[in-house]
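Keep in mind that what you see is a predicted model, and the values were worked out from it rather than measured. We number each residue from 1, following the sequence as shown.
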Amino acid sequence: MNEEGFLYERISRRLLEQIGAGSYAVGQKLPSVRHLSRLFQVSVNTVMQSYRQLEAEGYLEIRPQSGAYVRHCDVHDVPEPDGSRYPLLPVEVSLSEEVLHYMELHVVPHQVRLGIALPGVEVMPVERVTQTIREVARHYPQETWDYMHPHGFPQFTHHLARRSLSYDVPVVPDDIIVTGGAMEGLSLALRSVSRPGDAVAVESPTYYGTLLLLKTHQRRVVEIPTHPRHGISLSALERVFAERGVSACIVSANAQNPLGFTMSLERKQALSALARRYQIPLIENDVWGDTVYEDGALPVKAFDEDGWVLYCNSFSKTLMPGLRIGWAAPGRFQRRFLELKQLSTITSTSLSQIVMGRLLESGFYAQHIRDLRRTLQRQVEATAREVRAAFPPGTRLTRPTGGCVLWVRLPGRVNAVALFEKAAREGIHVFPGGVFSLDNKHSDYLRLNAGGPVTGEVVRALRWLGKAAAELAAVAGNANRG
């Protein structure tokens, strides 16, 4: 970074420290540009650069002829990114060792599990699912023992197809290929439409599993700026599509992980239209789609007129991750997708398909989803209240529309990896935000899972995290002043 860049970053950090400490409240006017120019002995342009950065990040509002004012500290209030201002260049992915390190704690006993995004076993119908597994094994011994056709168990795929009745172009059973979870579907979709060395567009931030998938398959990444309420920047994405800078795009339009947004129907239609206009495949990960709190959220696939959307989903987040059952509707790429499926795992587990077919046919899954949405929304709201109460001033967090994660920005540019390490020693598992994008762009973010009930143990863990974040912010502030 050049000298000017270093100076404006230093001014930004100092202002954020003051806002986080409460020296400047929401709505209060900050010092004038000329005052800060004299105070820090820098040019007016350097101070303006700092103010513009903080405005783009949502901390400030610059009012013409008036000055800069502190905004409400909520991630949703960040202005929507202007796609024309961002460099959109493909880069290599190198995250695997970091992510594996952060995931390991999930299986350690007696941890407070705030790391992996997953509804708690306490809110899942474990007994009903295991009862159905026993019944299926007893009544369908031949079917559960044998291979299943790659297109899947008819009772299962017919009910999946019926979920698309409201789509502009409904999915039919023959369009569906059953997979071993959503990640297998995403992997097969990626291999169906791109080759090693190709560049693929993704949201920024995006699910770290997507970045790992791209690294494993030797694809490069073009990060597209993404708003915590509106979703991926369509203007930036169109720029990349028009320049033929990518071979495909991977998106989540419903309850995206980690931001939690659900794109409007208009933006989903526009996204599908972009894929169709530029004939660039759109791989849709809809694994959290059933958890959108307001009923009736449609995927981008609902507007796919010409088969450019490769739709992937599973029941891992909504029912039972151990079933390892998912499905895909690859559109015009179905033949290649099916070839790759048969070459890799041949077919998917017979038992899981028959079990899900029974649960769908009985209406049980539909009722369970209605209950789960209400439960997750209550838990997310309760967790958010605890975070706001426990974390230091200046902390910002999302208001998810579905799913069970909170995307938390720590004040004072605290490095979330340091907080992860401290928390791990206290038996608390969290996920640092740096692995949800490249080049550590979200290193001061934390993703918290709110999938389980907010017990006394969870409250104590959140209070400990808030205190630790405040201590790290104070240390960082002292270091910057020094």
Side-chain angles (χ1 to χ4, degrees), residues 76 113-126 128-129 159-160 163-164 166 181-183 185-186 203 205-210 226 228-231 250-265 267-268 284-302 311-328 356 359-360 363-384 397-407 431 436 447-454:
H76 270 96
R113 295 184 174 183
L114 302 175
I116 300 298
L118 191 67
V121 67
E122 304 92 339
V123 303
M124 289 300 193
V126 177
R128 174 61 185 267
V129 176
H159 282 286
L160 290 177
R163 291 154 60 97
S164 70
S166 61
M183 285 305 294
L186 294 170
E203 301 144 326
T206 190
Y207 170 49
Y208 60 78
T210 298
T226 301
R229 182 170 65 248
H230 303 301
I250 302 178
V251 295
S252 293
N254 291 320
Q256 190 254 19
N257 175 16
L259 292 173
F261 64 79
T262 294
M263 294 178 70
S264 67
L265 291 180
R267 293 179 75 92
K268 290 173 183 173
E284 181 176 15
N285 179 0
D286 197 35
V287 71
W288 290 101
D290 278 353
T291 69
V292 175
Y293 305 145
E294 292 187 7
D295 194 17
L298 294 174
V300 178
K301 184 67 177 176
Y311 178 83
C312 302
N313 204 337
S314 85
F315 294 102
S316 295
K317 302 298 186 182
T318 56
L319 192 67
M320 183 177 174
L323 282 175
R324 304 312 306 145
I325 187 72
W327 71 99
M356 281 310 309
L359 293 173
L360 288 167
F364 170 78
Y365 181 74
Q367 181 57 54
H368 160 66
I369 282 299
R370 287 191 288 270
D371 295 340
L372 182 64
R373 288 170 182 160
R374 290 192 292 267
T375 300
L376 291 183
Q377 185 173 18
R378 285 197 301 269
Q379 290 177 176
V380 166
E381 290 172 351
T383 306
L397 62 158
T398 51
R399 296 193 299 273
T401 59
C404 59
V405 297
L406 291 170
W407 186 237
F431 230 91
F436 293 86
R447 193 196 66 180
L448 294 175
N449 179 48
V454 184

Nearest-0.5 Å distance that lies between atom [atom1] in [X] and atom [atom2] in [Y]:
{"X": "T375", "Y": "M124", "atom1": "OG1", "atom2": "CE", "value": "10.0 Å"}
{"X": "L376", "Y": "I369", "atom1": "CG", "atom2": "CD1", "value": "8.5 Å"}
{"X": "S314", "Y": "M356", "atom1": "OG", "atom2": "CE", "value": "10.0 Å"}
{"X": "Y207", "Y": "L259", "atom1": "OH", "atom2": "CG", "value": "15.0 Å"}
{"X": "T262", "Y": "R229", "atom1": "OG1", "atom2": "CZ", "value": "12.5 Å"}
{"X": "R113", "Y": "L448", "atom1": "CZ", "atom2": "CG", "value": "16.0 Å"}

Suppose we screen for side-chain hydrogen bond (donor to acceptor under 3.5 Å, both in side chains). Which residues come up paired with [X], at least two apart in sequence or across chains?
{"X": "N449", "answer": "none"}
{"X": "E284", "answer": "none"}
{"X": "T291", "answer": "none"}

F431 ring center within less than 6.0 Å of W407 ring center: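 Aromatic pair excluded; centres sit 6.0 Å or further apart.
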
Ion pair check, D295 and R373, cut-off under 4.0 Å: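 Answer for the salt bridge query: yes.
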
Ion pair D286/K317, N-O distance below 4.0 Å: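 Salt bridge flag = no for K317 with D286.
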
Polar side-chain atom of Y311 near backbone of A302 as donor-acceptor pair, under 3.5 Å: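 Judged by distance alone, no pair lies under 3.5 Å.
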
Exam field: side chain E203 to backbone T206, donor-acceptor pair closer than 3.5 Å: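 No, because the side chain of E203 does not come within donor-acceptor range (under 3.5 Å) of the backbone of T206.
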
No-hydrogen, no-angle side-chain donor-acceptor test under 3.5 Å, D290 and Y365: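 Checked: D290/Y365 side chains pair up, N/O donor to acceptor below 3.5 Å.
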
Distance-only donor-acceptor check, side chains R370 and Q367, under 3.5 Å: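 Side-chain D/A pair, R370 to Q367: present.
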
Report yes if the side chains of [X] and [Y] come closer than 4.5 Å at any heavy-atom pair, otherwise no.
{"X": "N257", "Y": "S252", "answer": "no"}
{"X": "R267", "Y": "H230", "answer": "yes"}
{"X": "T226", "Y": "F261", "answer": "yes"}
{"X": "L323", "Y": "S316", "answer": "no"}
{"X": "R447", "Y": "Y208", "answer": "yes"}
{"X": "T318", "Y": "W288", "answer": "no"}

Looking at residues at least two apart in the chain, or sitting in another chain, which of them share a side chain to side chain contact (heavy atoms under 4.5 Å, CB included) with [X]?
{"X": "V121", "result": "V126"}
{"X": "S164", "result": "Y167, P170, V171"}
{"X": "P125", "result": "R128, V129, L319, F364, H368"}

Whether W327 and F315 hold their rings parallel, tilted or perpendicular, with breakpoints at 30° and 60°: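 Plane angle between 30° and 60°, so tilted.
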
Stepwise side chain to side chain contact (heavy atoms under 4.5 Å, CB included) check, S166 with L298: CA-CA 9 Å; S166 61; L298 294 174; 3.4 Å; yes

Might you point out which heavy atoms bring [X] and [Y] nearest each other, and give the distance in Å?
{"X": "A255", "Y": "G403", "answer": "CB-N, 3.8 Å"}
{"X": "P119", "Y": "C404", "answer": "N-SG, 3.9 Å"}
{"X": "Q379", "Y": "V123", "answer": "OE1-CG1, 3.2 Å"}

Sole residue of V287, V292, N285 in side-chain contact (heavy atoms from CB on, under 4.5 Å) with N254: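 Going through the options one by one, the only one that passes is V292.
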
